[in-house]
*Asks:* 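Got a structure for you, questions after.
Numbered from 1 within each chain, the chains take letters A, B, ... in sequence-line order.
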2 protein chains.
Amino acid sequence: MNALFKALNDEVRRDILTLLKSSDLSAGEIADHFAIGRPTISHHLDLLRQAELVTSEKKGQYIYYSINTSVLDEVLKWIYTLGEEKDHKYIRPKGLHIKTTKK
Amino acid sequence: MNALFKALNDEVRRDILTLLKSSDLSAGEIADHFAIGRPTISHHLDLLRQAELVTSEKKGQYIYYSINTSVLDEVLKWIYTLGEEKDHKYIRPKGLHIKTTKK
DNA sequence: AATTTATTTCGATATTTGTCGAAATATAGA
DNA sequence: TCTATATTTCGACAAATATCGAAATAAATT
């Protein structure tokens with residue numbers, strides 16, 4: 001939970017996740033989208049990996065990163081329970097597909 | 001969005017929110033739940049207020065804090081859109097009441 | 001008016017964090 | 001094997017953050 005919120009508490013890292021939602025990318029391809037150095041991107045990717053928000057796989061010379069949104073269920077659940085007892089009912093943004101059955 | 005994630009990126013502040021979900025509390029009552037100094041709690045409350053996660057109202061000598069979960073809709077929406085295009089369907093934790101209609 | 005109580009603001013400090021350039025590691029291709 | 005490319009690790013540094021005690025502010029009580 002801590003690692004998760006820590007990972008999300010950075011604009012660059014959130015943007016990386018947004019990038020990865022469309023397709024898997026190599027570290028270099030990710031870095032190309034930002035005006036900061038590659039070692040810094042590497043560090044951000046490391047934090048995302050620690051939070052299990054991304055996975056990485058080496059393919060030859062490249063390392064490809066993929067997003068893993070399943071760990072965000074925990075965050076969602078925490079937010080839900082917060083709103084629960086205060087009579088705030090969260091809205092479901094239209095066009096999204098939320099599974100209501102058990103996992 | 002930035003202030004929101006920043007506010008959530010701290011165990012103490014998340015615990016304060018959890019406390020406030022049951023009932024409004026004065027700054028002192030909140031501080032009594034933690035082993036850290038009152039100035040520190042005051043600072044945490046300030047960050048929560050900046051993120052609009054809490055509101056405060058002065059009543060005589062005391063300042064009462066209330067949780068405001070509505071701003072978390074933005075976070076929820078962001079998380080939803082992340083999962084959307086990766087075929088991850090978020091589960092709804094059982095026992096929770098999520099309004100599926102428009103607000 | 002003086003004192004007590006509740007809370008915040010201030011100034012200082014130690015830790016964490018984001019960033020960089022240089023060096024290290026590893027794979028690919030000549 | 002040598003060189004080029006991709007990525008990470010390392011060491012350093014500046015900025016941000018969590019924390020504290022002391023002082024300031026404000027309301028309540030005597």
*Asks:* For A:Tyr64, give me all partners under ring pair (Phe, Tyr, Trp, His ring centres under 6.0 Å), at least two apart in sequence or on another chain.
*Replies:* none

*Asks:* Walk me through it: do A:Thr55 and A:Asn68 pass the test side-chain hydrogen bond (donor to acceptor under 3.5 Å, both in side chains)?
*Replies:* CA-CA 7 Å; A:Thr55 57; A:Asn68 171 38; over 6 Å; no

*Asks:* I'd like to know if the side chain of B:Asn9 and the backbone of A:Asn9 have a donor-acceptor N/O pair within less than 3.5 Å.
*Replies:* no

*Asks:* Check salt bridge (Lys or Arg N to Asp or Glu O under 4.0 Å) between B:Arg14 and all other residues, then give those that pass, not counting sequence neighbours.
*Replies:* B:Glu11

*Asks:* To the nearest angstrom, how far is B:Phe5 atom CZ from C:dT17 atom P?
*Replies:* 17 Å

*Asks:* Would A:Arg38 and A:Asp32 count as a salt bridge (Lys or Arg N to Asp or Glu O under 4.0 Å) if you check the C-alpha gap in whole Å, the side-chain angles of each, and the deciding distance to 0.1 Å?
*Replies:* CA-CA 9 Å; A:Arg38 272 133 214 270; A:Asp32 287 343; 2.7 Å; yes

*Asks:* Between P on C:dT16 and CG on A:Asn9, what's the gap in Å once rounded to a whole number?
*Replies:* 16 Å

*Asks:* Is the number of heavy atoms from other residues, nucleotides or ligands under 6.0 Å of B:Glu52 CD greater than 12?
*Replies:* no

*Asks:* When you measure from every atom of DNA chain C, which of residues 31-39 of chain A have a heavy atom less than 4.0 Å away?
*Replies:* A:Ile36, A:Gly37, A:Pro39

*Asks:* Is it possible for you to say whether A:Leu47 and B:Ile79 belong to one hydrophobic cluster, with membership spreading through side-chain heavy-atom contacts below 4.5 Å?
*Replies:* no

*Asks:* As an exercise, state the distance from CG of A:Leu8 to CZ of A:Arg13, rounded to the nearest 0.5 Å.
*Replies:* 8.5 Å

*Asks:* Considering every strand and a 4.0 Å limit on heavy-atom distances, what is the contact class for A:Tyr65: base, sugar-phosphate, or nothing?
*Replies:* sugar-phosphate

*Asks:* Counting only non-hydrogen atoms, which of residues 56-63 of chain B are less than 4.0 Å from DNA chain C?
*Replies:* B:Gln61, B:Tyr62, B:Ile63

*Asks:* According to salt bridge (Lys or Arg N to Asp or Glu O under 4.0 Å), who are the partners of A:Asp46, at least two apart in sequence or on a separate chain?
*Replies:* A:Arg49

*Asks:* Separation of A:Asp10 atom CG from D:dA16 atom P, in whole Å?
*Replies:* 13 Å

*Asks:* So does A:Thr40 get a side-chain nitrogen or oxygen closer than 4.0 Å to the phosphate oxygens (OP1/OP2) of C:dG18?
*Replies:* no

*Asks:* Is there a side-chain contact (heavy atoms from CB on, under 4.5 Å) between B:Asp15 and B:His33? Walk through the geometry before answering.
*Replies:* CA-CA 9 Å; B:Asp15 286 348; B:His33 286 81; over 6 Å; no

*Asks:* Within this structure, what is the CG-to-P distance between B:Leu8 and D:dT17, rounded to whole angstrom?
*Replies:* 14 Å

*Asks:* Near DNA chain C, counting only heavy atoms under 4.0 Å, which residues of residues 41-50 of chain A show up?
*Replies:* A:His43, A:His44, A:Leu47

*Asks:* Does A:Ser26 make a side-chain N or O approach to OP1 or OP2 of D:dA6 shorter than 4.0 Å?
*Replies:* no

*Asks:* Within the structure provided, determine whether A:Glu74 and A:Leu4 are in side-chain contact (heavy-atom separation under 4.5 Å).
*Replies:* yes

*Asks:* B:Asn2 has an atom CG; how far is it from atom C1' of C:dG18, in whole Å?
*Replies:* 13 Å

*Asks:* If I take atom CD in residue B:Glu11 and atom P in nucleotide D:dT17, what distance separates them, rounded to the nearest angstrom?
*Replies:* 18 Å

*Asks:* Rounding to an integer number of Å, can you tell me how far B:Leu25 CG sits from C:dT7 C1'?
*Replies:* 15 Å

